[in-house]
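Numbering of ligands and ligand atoms starts at 1, following listing order.
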Amino acid sequence: METKIYDASTIDEAAELLKVGELIAFPTETVYGLGAIASNDEAVKNVYKVKGRPSDNPLIVHVSDRKIAQYVAFVPQQAEALMEAFWPGPLTLIFPMKEGVFAPTVTAGHNTVALRMPAQEQTLELIRKTGFPLVGPSANTSGKPSPTTAQHVLHDLSGKIAGILDGGETQIGLESTVLDLTNADGPVILRPGAITEVQLEPIIGKLAGSAQTTNEAEAPKAPGMKYQHYAPAQPVILIDGTAADWEGVIEEYRGKGKAIGILASEEQLAVHKAAARATYSLGLKDDVAAASQRLYAGLRYLDEQPIDVILAEAYDLSGLGKAFMNRLEKAASSKYPKKQAK
Ligand code: AMP
Ligand code: MG
């Protein structure tokens with residue numbers, strides 16, 4: 001099939017295709033989602049198939065407003081306040097599931113369901129015109145960096161889906177915060193994102209837990225977090241160190257005759273650019289929002305370059321840095337310098 005590009009003037013046609021079970025990728029403020037009407041089990045199964053997504057990793061359902069009582073078993077009081085504060089926006093909430101509302105495959109056997117209202121006017125319009133919520137996992141091949149442009153979606157899914165609603169580059173560039181409201185001990189962040197603990201706690205009180213950046217010893221919190229993610233073909237070495245550490249890693253790979261790619265801040269590139277075959281700038285070091293917005297495009301760009309290894313710069317964990325580092329750690333095959341054992 002030919003994958004057609006849609007825009008604001010052709011949303012009606014895209015919605016008609018969704019209604020009959022076709023797949024249409026859509027922009028959000030986080031990354032592009034792969035849309036299918038959440039009531040059609042065949043369509044939802046096809047989402048797993050074209051992404052190559054493991055069948056035990058549930059999908060987020062995208063809604064067009066805050067009136068969600070009809071879709072879940074009940075709406076916890078905290079959810080009302082959170083939706084008021086952060087929807088539309090990059091916060092996914094996990095609710096107790098209501099039988100018979102969504103196609104069975106949406107929740108992958110869980111008794112909970114994840115809902116989000118994206119802050120993207122064209123996509124809200126697409127959902128309204130389709131007349132029912134849409135599933136929307138990231139519109140990439142499973143395991144690869146998430147798509148932040150319609151071109152990224154085409155690269156991975158061209159010929160496999162009916163269309164893409166093109167909304168340009170996504171604003172945030174990292175997937176939503178996932179907050180579980182069904183946990184008996186209190187709310188838990190399953191996946192860090194642009195809405196942080198510091199923003200959530202004034203509204204719902206102390207969280208019962210929060211996913212850290214990747215820690216292999218820890219069991220995955222969200223069902224999907226155990227899988228390899230965001231990874232280009234080359235190994236990604238995460239460097240969390242001094243200028244001397246960078247020199248050391250660069251010398252090591254050059255000594256082995258390896259072509260190096262660097263994904264780093266302007267400041268870091270200014271020092272080490274000469275040693276690299278290819279580089280991608282994450283922006284100025286104090287701007288973690290810019291780094292987050294560029295991360296996946298950078299990994300995708302370097303993936304296509306004639307290089308053997310990607311050296312990537314670590315950022316501070318404060319604010320959005322936690323989500324940025326969570327994704328970069330998942331993309332990385334090793335870290336340098338190695339953490340000292342406690
Ligand atoms: P993606 O759609 O690729 O951005 O991933 C969606 C994330 O939300 C994955 O980490 C899922 O495991 C998580 N998720 C979706 N539904 C649920 C649910 N019912 N319970 C817990 N996590 C969920
Ligand atoms: Mg994904």
Side-chain angles (χ1 to χ4, degrees), residues 23 25-36 38 44 47-63 68 71-73 76 79 90-99 101-116 118 123 133-148 152-153 156-157 170 172-184 187-195 208-211 213-214 218-231 292 295-296 299-300 323 326-327 329-331:
L23 309 191
F26 56 74
T28 78
E29 78 282 33
T30 62
V31 302
Y32 274 74
L34 180 53
V44 176
V47 166
Y48 285 89
K49 189 167 145 215
V50 304
K51 278 182 60 70
R53 185 176 176 103
S55 61
D56 62 350
N57 188 6
L59 307 180
I60 295 172
V61 175
H62 291 68
V63 297
I68 52 139
Y71 302 130
V72 301
L91 177 67
T92 295
L93 299 174
I94 309 282
F95 291 93
M97 189 189 77
K98 184 171 173 180
E99 287 293 340
V101 174
F102 298 120
T105 336
V106 170
T107 51
H110 294 259
N111 56 8
T112 53
V113 64
L115 300 185
R116 175 166 110 82
T123 290
L134 304 176
V135 297
S138 50
N140 55 317
T141 303
S142 255
K144 287 290 162 193
S146 299
T148 57
H152 293 161
V153 180
D156 284 14
L157 302 178
T170 63
I172 295 174
L174 301 177
E175 301 83 348
S176 59
T177 304
V178 178
L179 182 71
D180 188 356
L181 297 172
T182 67
N183 179 37
V188 177
I189 294 180
L190 301 181
R191 175 174 76 183
I195 305 290
S210 176
T213 52
T214 317
E218 199 181 346
K221 295 258 173 39
M225 297 298 269
K226 64 178 180 260
Y227 297 106
Q228 163 98 55
H229 270 89
Y230 322 122
S292 299
L295 175 66
Y296 293 139
L299 289 169
R300 281 179 176 265
N326 171 272
R327 307 309 192 276
E329 292 202 343
K330 282 175 169 284

**Prompt:** Strictly under 4.0 Å, does any heavy atom of Met97 approach an atom of ligand 1?
**Reply:** no
**Item:** Nearest atoms (heavy-atom pairs only) where Ala25 meets Val153
**Value:** CB-CG1, 3.8 Å
**Asked** Numbering the atoms of ligand 1 from 1, which are under 4.0 Å from a heavy atom of Ile60?
**Response** 6 (C), 8 (O)
**Prompt:** With sequence neighbours left out, what residues match Phe26 under ring pair (Phe, Tyr, Trp, His ring centres under 6.0 Å)?
**Reply:** His62
**Prompt:** Is Met97 close to Phe102 at the side-chain level, that is, under 4.5 Å between some pair of heavy atoms?
**Reply:** no
**Message:** Could you tell me, atom by atom, which parts of ligand 1 come under 4.0 Å of a heavy atom of Pro137?
**Reply:** 2 (O)
**Asked** Using heavy atoms and a threshold below 4.0 Å, how should the contact between Thr112 and ligand 1 be classified: side chain, backbone, both, or neither?
**Response** both
**Exercise: do Ser138 and Glu175 side chains pair donor with acceptor under 3.5 Å** = no
**Residue Ser138 vicinity, atoms of ligand 1 by number, heavy atom under 4.0 Å** = 2 (O), 3 (O)
**Message:** Show the nearest heavy-atom pair for residues Val106 and Ala38, with the distance to one decimal.
**Reply:** CG2-O, 3.7 Å
**Between CG on residue Leu134 and CD1 on residue Ile60, distance to nearest 0.5 Å** = 13.0 Å
**Item:** Every N, O or S from the protein that is nearer than 2.8 Å to the Mg ion (ligand 2)
**Value:** Ser138 OG
**Message:** Any donor-acceptor pair under 3.5 Å linking the side-chain atoms of Thr92 with those of Ser176?
**Reply:** yes
**Complete:** Any heavy atom of Arg53 under 4.0 Å from ligand 1? The part involved is side chain
**Atom of Leu299, atom of Ala331 and distance for their closest heavy-atom approach** = CD1-CB, 4.1 Å
**Item:** Value rounded to 0.5 Å, distance of CD1 in Ile94 from CG in Leu179
**Value:** 8.0 Å
**Request:** Mark up the atoms of ligand 1 that fall under 4.0 Å of a heavy atom belonging to Ala114, in ascending order.
**Result:** 15 (C), 16 (N), 17 (C)
**Asked** Can you name the closest pair of heavy atoms from Val63 and Pro118 and give their distance?
**Response** O-CD, 3.5 Å
**Prompt:** Is any N or O atom of Arg191, backbone or side chain, closer than 3.5 Å to an N or O atom of ligand 1?
**Reply:** yes
**Prompt:** Touching ligand 1 at all, Asn57? Heavy atoms, strictly under 4.0 Å?
**Reply:** yes
**Asked** Is it true that the side chains of Thr28 and Arg116 contain a donor and an acceptor less than 3.5 Å apart?
**Response** yes
**Asked** Side chain, backbone, both or neither: which part of Val31 has a heavy atom under 4.0 Å from ligand 1?
**Response** neither
**Message:** As an exercise, identify every atom of ligand 1 less than 4.0 angstrom from a heavy atom of Leu190.
**Reply:** 21 (C), 22 (N)
